[in-house]
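Below, chain A is the first sequence line, B the second, and so on; all start at residue 1. None of these values were measured; they are calculated from a predicted model. Atom set for the values below is all heavy atoms of this structure, side chains included, hydrogens, waters and symmetry mates excluded.
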2 protein chains.
Amino acid sequence: MTTTKAYAAQSNTSGLAPHNIERRTLREDDVSIEIDYCGVCHTDIHFAENDWGMSIYPVVPGHEIIGHITAVGNNVTRFKVGDTVGVGCMVDSCRICSACNEGLEQFCQEGMVSTYNGQDRHDQQITYGGYSENIVVSERFVLNIPSQLDPATAAPILCAGITTYSPLKHFNIQPGHKVGILGMGGLGHMGVKFAKAMGAEVTIFTRSESKVAEAKKQGADHVIISRDPEQMAAATETFDFLLDTIPVQHDLNPYINCLKYDGVHILVGLLEPIEPALQASVLVMKRRILVGSLIGGIPETQEVLDFCAEHDISCDVEMLKIQDINSAYERMKKGDVKYRFVIDMASLKN
Amino acid sequence: MTTTKAYAAQSNTSGLAPHNIERRTLREDDVSIEIDYCGVCHTDIHFAENDWGMSIYPVVPGHEIIGHITAVGNNVTRFKVGDTVGVGCMVDSCRICSACNEGLEQFCQEGMVSTYNGQDRHDQQITYGGYSENIVVSERFVLNIPSQLDPATAAPILCAGITTYSPLKHFNIQPGHKVGILGMGGLGHMGVKFAKAMGAEVTIFTRSESKVAEAKKQGADHVIISRDPEQMAAATETFDFLLDTIPVQHDLNPYINCLKYDGVHILVGLLEPIEPALQASVLVMKRRILVGSLIGGIPETQEVLDFCAEHDISCDVEMLKIQDINSAYERMKKGDVKYRFVIDMASLKN
């Protein structure tokens with residue numbers, strides 16, 4: 001065990017503050033990673049503040065981790081000291097169920113082990129995330145960061161990126177498809193970049209006229225103001241796919257009505273419950289699909305990193321010192337970030 | 001124009017009574033069909049009683065029509081006088097949009113013309129359904145009834161049959177799949193037969209212990225009592241597909257939880273709205289799909305008739321005289337029919 005500096009929440013109201021944690025001694029398949037950058041995901045806030053009633057304190061958030069390897073276990077084959085690597089939303093799974101065998105560890109029958117607030121399968125310790133000096137992870141759950149990527153802007157690919165890339169890839173988005181992106185935050189702006197890179201014609205749905213210029217700047221071919229009934233009516237039955245990244249409850253019915261028959265509405269947010277209620281007819285009358293999607297498996301997370309390197313895609317980020325994390329959370333709650341905060345973990349040494 | 005005997009509802013409370021209607025003079029692509037049998041669908045009740053607020057009186061219900069051809073228009077090529085034929089839920093569409101070109105006339109961009117309470121695209125007359133002596137329909141919307149099928153029990157294939165066959169076929173049900181059928185009425189009992197014929201392992205979900213024997217008799221490999229939390233918990237993540245034929249509002253969440261990752265919950269009922277509300281997590285956490293399905297196109301309706309002939313599948317029916325239609329509706333409202341009423345239209349001549 002090694003004592004490591006971190007930032008942790010001690011209760012749902014405490015905010016984050018410096019806190020020493022223990023990292024395990026390397027197992028044979030582990031690597032130790034000194035963390036250089038960590039993206040800030042809205043999920044981090046939900047866990048720090050126990051919004052979902054499942055937080056185990058102290059909570060050390062952070063699952064968009066970029067760093068470099070400082071030590072490797074005896075059986076590690078894929079990495080060596082000095083490699084630039086990433087760790088995303090999970091650090092283990094059963095590794096033998098059909099989902100794990102398919103590289104869909106996020107659907108592991110025994111449940112994936114989350115990067116933080118998960119429970120290690122071997123020593124039963126609660127896992128601590130990336131708001132810390134270092135992390136120890138089995139190499140199977142460590143990603144290679146292509147040299148073309150800037151490590152700082154690559155961090156959010158590990159959650160915001162894979163969450164939007166995975167469903168677009170799963171449903172085989174390609175040229176000729178009309179894709180709508182709902183919401184233009186950390187996830188939505190990545191969704192636009194991926195859908196464009198896959199060749200789709202992309203429309204951003206936004207509530208506000210004031211975001212039209214920004215949406216176009218992000219690469220959208222078109223913008224629809226979702227509050228304008230005329231624009232929504234004109235969009236009826238015109239889309240093949242909608243990627244819904246809106247993080248708060250909203251009426252899905254008018255959006256789903258914008259899908260052609262056999263169109264697909266992809267939900268990545270946990271709207272609990274979906275209200276206003278869904279109308280069955282919007283699905284039944286046009287054989288439309290409502291589907292959920294959850295991050296992506298490890299092979300696909302590597303794939304999205306390579307895809308970003310190939311297509312020169314990065315996340316728009318605002319760099320942060322760890323000491324400013326609490327004010328960053330407050331800004332995120334207001335949607336005041338373009339589009340993702342990334343912590344420069346060098347600040348933790350100050 | 002020809003005057004024809006029929007049974008019609010004149011208002012939402014009148015019940016059905018004898019009423020003379022006019023059938024159009026044959027157009028060049030029309031056939032005239034003397035109706036031998038007409039299945040009774042719950043939709044008939046909804047239109048007779050204006051449950052959906054869109055009925056145009058007089059309403060002559062009936063869209064599970066079997067008869068024989070008595071006359072053909074000059075350009076008719078597929079049928080001749082004497083042929084046994086069927087007419088299902090629609091009698092026309094634009095015929096040129098992408099959906100019509102794909103044989104998915106139910107998703108026609110200009111809207112399909114329903115067999116009753118629709119509006120003819122040429123003379124703008126309201127359409128009258130199969131509770132009548134005869135019907136005049138363009139041959140493109142007329143089905144061939146294979147000689148192996150008993151015409152009386154074949155009638156419900158034209159709605160209850162295609163409605164359940166179409167999604168099972170669309171999602172490529174095959175041996176190795178575990179399929180659950182929700183509800184055991186006219187639609188559900190056909191779903192069991194189709195899923196079995198496609199090679200799936202089939203489970204019927206029912207609320208009542210008293211239906212277990214009947215479910216097994218219908219061919220189900222297993223029965224789950226949906227009111228028993230232990231049985232539902234044991235079924236978590238075990239199904240590939242659920243075909244939901246329950247015609248009333250119900251909580252979808254516990255059923256969807258029975259699906260494996262990538263599992264598909266198929267809705268064919270118009271639950272307006274879906275309440276209790278759906279939880280996004282039941283979709284998101286396992287990439288599950290909720291999809292609607294609406295009858296089937298004309299080519300697929302022919303396909304299901306041929307499939308039934310090949311696999312010796314028929315609907316379990318109770319024969320009815322047209323004079324008893326109102327009491328039949330009352331019984332259907334209580335779920336008291338195994339599993340479909342079919343009207344012997346010879347009774348209309350009495």
Exercise. Among D262(B), V268(B), L283(B), single out the residue with the greatest number of heavy-atom pairs under 4.5 Å to chain A.
Key: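 Among D262(B), V268(B), L283(B), the one with the most close pairs to chain A is L283(B).
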Practice problem: Pick whichever of K260(B), E237(B), H170(B) has the most heavy-atom pairs under 4.5 Å with chain A. | Solution: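 The option with the most such pairs is H170(B).
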Practice problem: Tell me the residues of residues 273-282 of chain A whose non-hydrogen atoms fall below 4.5 Å from those of chain B, in number order. | Solution: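 Residues P273(A), I274(A), E275(A), A277(A), L278(A), Q279(A), A280(A), S281(A) are the ones that qualify, each having a heavy atom under 4.5 Å from chain B.
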Practice problem: Count the heavy atoms of every other residue, nucleotide or ligand shown that sit under 6.0 Å from CZ of R95(A), and state whether that count exceeds 12. | Solution: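 More than 12 within 6.0 Å, yes.
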Quiz item: For N253(B), is it the side chain, the backbone, both, or neither that has a heavy atom closer than 4.5 Å to a heavy atom of chain A?
Solution: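 When you check distances to chain A, no heavy atom of N253(B) falls under 4.5 Å.
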Self-check item: Region of H265(B) that comes under 4.5 Å of a non-hydrogen atom in chain A
Solution: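 Contact with chain A involves no heavy atom of H265(B) at all.
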Quiz item: So do the side chains of Y261(A) and E102(B) get within less than 4.5 Å of each other, counting heavy atoms only?
Solution: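 Side-chain contact under 4.5 Å: yes.
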Quiz item: With a 4.5 Å heavy-atom cut-off, do V284(A) and L270(B) have their side chains touching?
Solution: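 SC-SC contact between V284(A) and L270(B) confirmed.
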Quiz item: Considering heavy atoms only, which positions within residues 285-304 of chain B lie below 4.5 Å of chain A?
Solution: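 Hits under 4.5 Å: M285(B), K286(B), R287(B), R288(B), I289(B), L290(B), V291(B), G292(B), S293(B), L294(B).
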